[in-house]
Structure formats: structure tokens, C-alpha cells
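Written below as C-alpha cells is the structure these notes are about.
The basis for the numbers below is simple: all heavy atoms, side chains too, and nothing from hydrogens, waters or symmetry mates.
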Amino acid sequence: MTLLGISGSLSQHSKTELAICKALQFASELGESVTIDLVSLSNVDLVFCDGRDPELYEVDTRIVLDKIATADALIV
């Protein structure tokens with residue numbers, strides 16, 4: 001199972017990100033069957049989503065979209 005945490009705060013080391021990291025840490029202790037990842041919007045350069053085919057986005061936006069699409073569960 002892949003669990004993706006997404007911190008939407010633009011501040012680094014925000015309380016939101018801390019809470020998500022704690023939840024991911026707890027989930028990682030459930031066993032090796034859980035793979036965790038974190039996307040912090042303060043660390044990526046996303047372009048405005050304008051309705052185009054998701055396959056046409058590039059760089060950080062493409063990476064984040066792919067992580068969301070392949071995750072089994074999200075913590076936002």
C-alpha cells in the first residue's frame with residue numbers, strides 16, 4: 001500500500017506538515033507493506049492546472065500528479 005501525505009502549506013516546517021509527517025510516521029510503523037511518501041508544496045514548483053490533459057504537464061507538476069495518481073491513500 002502506498003500512502004502519500006500532501007502538505008499544502010507554503011511555509012516550510014509548518015504545523016500542517018508536522019501533523020502529516022507524524023501521521024506518516026505512525027503508518028510506517030504498521031509494517032513493510034506500507035510505503036510512505038510526502039509532497040510538500042513549499043518544496044515544489046507547480047504550474048496552474050488549467051484543464052489540459054494531465055499527461056501534458058511537466059517537471060514538478062507531472063511528478064506530483066503521478067504520485068497522487070499512483071497512491072492508494074492520501075493524507076491531506
- Query: Are Ile6 and Val64 co-members of a hydrophobic cluster defined by side-chain heavy atoms under 4.5 Å apart?
  - Reply: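 Looking at the clustering, Ile6 is in the same group as Val64.
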- Applying the 4.5 Å side-chain criterion to the ILVMFWY set and letting contacts propagate, would Val59 and Val39 be lumped into a single cluster?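 Shared cluster, no.
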- Task: Kindly write out the residues that satisfy side chain to side chain contact (heavy atoms under 4.5 Å, CB included) with Ala73, not counting sequence neighbours, or none if the list is empty.
- Result: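 Scan of Ala73 (side chain to side chain contact (heavy atoms under 4.5 Å, CB included), adjacent residues dropped) gives Met1, Leu3.
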- Polar contact flag, side-chain donor to acceptor under 3.5 angstrom, Tyr57-Asp66: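 On atom types as modelled, these side chains do not qualify, holding no pair under 3.5 Å.
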Measuring from [X]:[atom1] to [Y]:[atom2], what's the distance to the nearest 0.5 Å?
{"X": "Ile75", "Y": "Asp37", "atom1": "CD1", "atom2": "CG", "answer": "11.5 Å"}
{"X": "Ile68", "Y": "Ile63", "atom1": "CD1", "atom2": "CD1", "answer": "12.0 Å"}
{"X": "Leu4", "Y": "Thr70", "atom1": "CG", "atom2": "OG1", "answer": "8.0 Å"}
{"X": "Leu65", "Y": "Leu46", "atom1": "CG", "atom2": "CG", "answer": "8.0 Å"}

Listed pairs under 3.5 Å, donor-acceptor, residues 15-36 side chains, sequence neighbours left out:
{"from": "Glu17", "atom 1": "OE1", "to": "Ser40", "atom 2": "OG", "distance (Å)": "2.8"}
{"from": "Ser28", "atom 1": "OG", "to": "Gln25", "atom 2": "O", "distance (Å)": "2.7"}

